[in-house]
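Structure first, then comments.
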Amino acid sequence: MTIGAPPRVRTAAASATNLWKVYGSGEAQVVALRDVSVELERGQFTAIMGPSGSGKSTLMHCLAGLDSATRGQVHVGDTQITGLNDAGLTKLRREKVGFIFQQFNLLPTLTAEENILLPLAIAGRKPDKDWYETVIQTVGLKDRLGHRPTQLSGGQQQRVACARALVARPEVIFADEPTGNLDSKSGNEVLSFLQRSVVDFGQTIVMVTHDANAASYADRVIFLADGQIVDELRHPTAEAVLDTIKRIGADH
Amino acid sequence: MLRATLKSLLARKLRLILSGLAVLLGVMFVSGSFVLTDALGRSFENMFASSLADADVVVTAKPTIDVSEMEGESVPGTLTAADVTKIAGVAGVAKATGDVQADGARVIGSDGKVVATFGPPRFGGNWTGEIGGRELREGRAPAAGNEIVINAALATKAGLKVGDDVGVLTMQPKQTFKLVGIFGYEGGLTSRGPVTEVLFTEPVAQQLMLGKPGTFTSITVDAASGSDPAAVRDAIKSRLGGTYEVRTGKELADELAKSFKDILSIFNNILIGFALVSLFVAVFLIINTFSIIIAQRTKELALARALGASRKQMVGSVLVEAVVIGLIASVLGLAAGYGVGAAGASVMASMSELQLAGIGLPPMAIIAAFAAGLLVTVTAALLPALRASRVPPVAALQESATPDRPLTKLTISGAVFLAIGGGLMFYGIKESVWALLGGVLAAFIGVALLSPVVARPAVSVLGRLFSWSVPGKLGRLNSGRNPRRTAITAAALMIGIALVTALNTIITSSERSLQGTVDQTVKADLIISGQGGPGFNPSFEPALVPQMKNIPGVAAVSAEYGDQAIINGEPSWINVVTDVPATAKMFTLETVSGSMAQPGANEFVIDDQSATEHHLKLGDKVEVKHANGLDQTYTLAGIYKRGEIYGGSMFGSAAIEGMRQQLPAIAFIDLGSGANETQVRDALNAMLKDSPEMLVQNKQEYLDAQFSESAQFLLMIQLLLGLAILIAVLGVINTLALSVLERTRELGLLRAIGLSRAATMRMITVEAVVITVFGAVLGLAVGAGLGAVVVKGLADEGLKSIVLPWNQMGIYLAVGAVVGVVAAILPGIKAARTNVLTAIAYE
């Protein structure tokens, strides 16, 4: 860990309170989230793990305002997002949230630089020049800015996506299996880059993953099974994560 | 294989519905035209049959001057009272009645204006009793020379009732009659078709409508009971000899109906022409749809190939889809066409007082509907089908976006088509209409093939206009993404806009050169002319001419009379000009030889081209057989150089006596310097109060009136081409809907990073507008080109320079943009509703 890192402020960047998410009704009813309460701390790198169908993606989608909650409340920063209309959610996404997806992360018609600046352009904001330089420096794409996504490797594309999420300085960045499509080398690059942005810049990041190695880069790992939080680890190692997964697998 | 094909058809409903709709609209237009003209044709047939139901045999004289429709109206021959007596004496004839019926009896309505019919004749004739289904509804038959009866529809239209004094214009200037009766026809009809009828006593009808007492236009014969009309016909024929035409009532009805049907079939062909334009546009839409479907199905097709499907089967499977769509579209289009045709026929019938004979479904409507629908769909699907067959089996295994195929081949073939098209057009203008049309078609195909090459730069330039906003920029980039698709979508819109632009260019150029010529060569300040109509020319009292000259400020008046005549055996139009020197001055006519002084009564002058054509030289005598039968000899006294807008013969006053209507129809007035135009016009209008059809206009007003007619013509063409544009809009919707579908993930991403719904719609709108404006610009360029080629080709017909209709072109461009906005509405809504979650979900 870097010495002299900024002190971590322990207030929630996003939180869920008694969150329920139920799909369908009657016989076909599926409960994806069962009374989940969680606080995602500011300036931390949180990983959400769990087997398929555990509700980890649903939790992230609800926290990010991409999906609506059936019951309960979600806050991003001070904003309660449950009950917001489309315009409100759009505003939220512009100002407070950044996204990194597994694939289809970039617009093929725009250059890397244009992709990075797109959220700011959409919101009609000017980029902070110094910050932009810092971000570009950190992702190491200086000489690739004029390229289009098709001319970049998968890892480079994902780094562009990271830069795009960072450049707007959102309250929280949600990353959905960001390394799912990458080989392990590129994946590690992206993960250490995410980690650095938490440590160096105090960025809050929430990442959904099923990869123990990826989760080991996080400050905290939350484990979900059957729509409930069943465990959590702080400062995890890959081994500890794997052990926990095994244990949960045996319990459920 | 068939089952798989049909299943895949169902799976892509929307796109197929749009393509099908395009074909449907075209087929509707085609079959609707047939249904309409068929219904009208049979209605006319019935009308003639019922009006001639009581006439066993009808005798007419052969025309005295027979000219083709292009050269004007023939002068009908007349029969005499002696003919009636002669026919009455033929065995088997029970009764022979002399009829007078001629076009040109114009009734002045209660509002002081002449009742117009916009085409159908305004008959004047003699009252022969309640025969042929005619029934007196009110009042009585005309008994005295100053009494008339009119048909009920005319009475309503003119606002007249029995007992009114009615002004009627005929060959003679206005005369006033007492309306003593109103008649209709059996079955409660107020008129026999769209005509108006004024019936006088026999001598008055002969004088006013034929100009010759004791003559008739036809003789209706009742056969004695028990005799066969055909036998009576033959008996009369052998009695009268060769200059008469003798027909049974049925033959005449058929002949009249046939001539109407000929006109209807021209009308039909024009409508079909426009329908074909729409279908041509539909071809683009279908090609695009099938290409897209095949591109999307590459994997599926490759899999089929890998599983052993042959190339033939691949082509077959695509063509079966096309046939199914074509069939469905044809059936529905035929049904819609039947409806549209029926609606059109009943509107037209009620507008023209025609009793509709019932709507039928003529076999041609069915044949044409299926031929057009199937041919268009299958032809359009052929190219994409061949492409489908070339998908290699290995494509099933590849994770590939099909790379952009190079455009070289397209570009070269486009250039070749364009060159051929241009050449054909240039050749065709003079030589053959078909070559001209073929040239236009080839040029369209050429431009369509070239458009993908132009699309990328053009779209990027056009898109700059919108790049100030993020959605605008994204929309612009999207429209430049698939140049083939953008191009073919835009090309469909190009066709309609190109055609109207071309027509507009030709009209504007010819108007401008006419304006130029008139400005340069016409010095007449005022023109008195009639609003033309069928029948006799609107005219005024000859006695007014000297009075006009006496109006203060008038320097010269030259009035003109005209009629058909036969000069040295050749049918020709002759004019009498009351002041040849004044006309020569007002039209800047130069003397070539002889004198351009006022010709003597039996002299004439003619332009140099006509003189050469008829081998006439100064001092030659010509034999003229006039329209009313008078024979005269005239001497050529002068030859002038044909002006750009003035030509023809100018005869001495003796020729007036040979005309049927011995009244001037037009007058040119030269004002002296310092004359007050308004005062002169007021004085002229006061003089012409009994000639309500005559209009006093200055040079510019006269020209503008001519121009406004071409503007109306243009408006009609634009309406008819509206359908082609509508089909093009369907194409734009299709392309956009597809873009939205293909880019669901991108849209989701954009929404996730903060693009609002409104901005999403704006992005789609910009994409649409860029495509349609590109199409419009392409259309304007191609249209201006086509127009220019025609104008150049017609240079020696007086078209001097190419003048582009900038205002209208601006409007078309705006229409293009609006069309884009409209087309974007549905796809835009769909895009805005993209669910972020499903968009970014992955397996």
Side-chain angles (χ1 to χ4, degrees), chain A residues 21 23 32 52 57-58 60-62 64-68 85-111 114-125 148-150 161 164-165 167-168 170 173-177 180-181 208, chain B residues 399-404 456 459-460 463 466-483 486 739 742-764 766-767 770 829 831-843:
Chain A
K21 180 71 190 178
Y23 293 105
S52 296
S57 287
T58 308
M60 192 199 85
H61 291 156
C62 288
L66 292 177
D67 207 350
S68 58
N85 63 7
D86 185 75
L89 287 172
T90 302
K91 192 166 179 310
L92 175 91
R93 292 200 285 264
R94 278 186 188 178
E95 291 170 0
K96 305 209 160 156
V97 179
F99 288 101
I100 303 166
F101 300 118
Q102 180 178 350
Q103 51 186 357
F104 285 102
N105 237 332
L106 305 176
L107 287 196
T109 44
L110 301 181
T111 61
E114 288 168 326
N115 264 297
I116 293 171
L117 292 174
L118 188 59
L120 292 175
I122 286 174
R125 277 152 59 191
R148 286 185 199 279
T150 45
R164 182 188 64 205
V167 80
I173 291 174
F174 291 99
D176 194 354
E177 303 270 13
N181 261 6
V208 166
Chain B
E399 182 68 44
S400 72
T402 20
D404 260 357
R456 218 189 279 268
V459 161
S460 115
F466 301 102
S467 289
W468 46 267
S469 77
V470 177
K473 183 175 177 193
L474 292 172
R476 178 204 112 199
L477 288 172
N478 285 340
S479 49
R481 225 154 148 169
N482 195 329
T486 301
S739 303
E742 282 179 346
R743 293 187 213 133
T744 310
R745 280 177 188 276
E746 266 178 58
L747 287 165
L749 174 69
L750 282 167
R751 295 276 290 132
I753 60 175
L755 197 68
S756 67
R757 282 198 172 145
T760 310
M761 283 189 72
R762 218 153 54 228
M763 178 176 82
I764 302 291
V766 167
E767 184 174 350
V770 167
I829 289 176
R833 287 210 186 127
T834 301
N835 184 333
V836 184
L837 265 189
T838 44
I840 59 166
Y842 45 89
E843 307 80 45

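Side chains included, hydrogens not; waters and symmetry mates left out as well; all remaining heavy atoms used. Fair warning: this is a prediction, and the values are worked out from it, not measured in the lab.
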Problem set entry | A/E114 versus chain B, the contacting section by heavy-atom distance below 4.5 Å | side chain
Exercise. For B/K473, does the NZ atom have more than 12 heavy-atom neighbours from other residues, nucleotides or ligands under 6.0 Å away?
Worked result: no
Exercise. Above 12 or not: heavy atoms from other molecules or residues under 6.0 Å from CZ of B/R833?
Worked result: no
Exercise. CG/A/L118 to CD1/B/I753 distance, rounded to the nearest 0.5 angstrom?
Worked result: 4.0 Å
For this session: Taking the side chain as every heavy atom from C-beta outward, state whether A/I122 and B/L750 have any atom pair closer than 4.5 Å.
Result: yes
Exercise. What part of A/A121 lies closer than 4.5 angstrom to a heavy atom of chain B: side chain, backbone, both or neither?
Worked result: both
Exercise. Do A/T90 and B/R757 come within less than 4.5 Å of each other through their side chains, counting heavy atoms only?
Worked result: no
Problem set entry | Side chain proximity check, A/L106 to B/L749, heavy atoms < 4.5 angstrom | no
Seminar exercise, completed: Here the pair of heavy atoms bringing B/G754 nearest to A/R94 is O-NE, 2.7 Å
Exercise. Which residue out of B/A758, B/A759, B/S756 racks up the most heavy-atom pairs below 4.5 Å with chain A?
Worked result: B/S756
Problem set entry | Top contributor to chain B contacts, counting heavy-atom pairs under 4.5 Å, from A/L110, A/T109, A/D67 | A/T109
Problem set entry | pair A/D86-B/R751: side-chain heavy atoms closer than 4.5 Å | yes
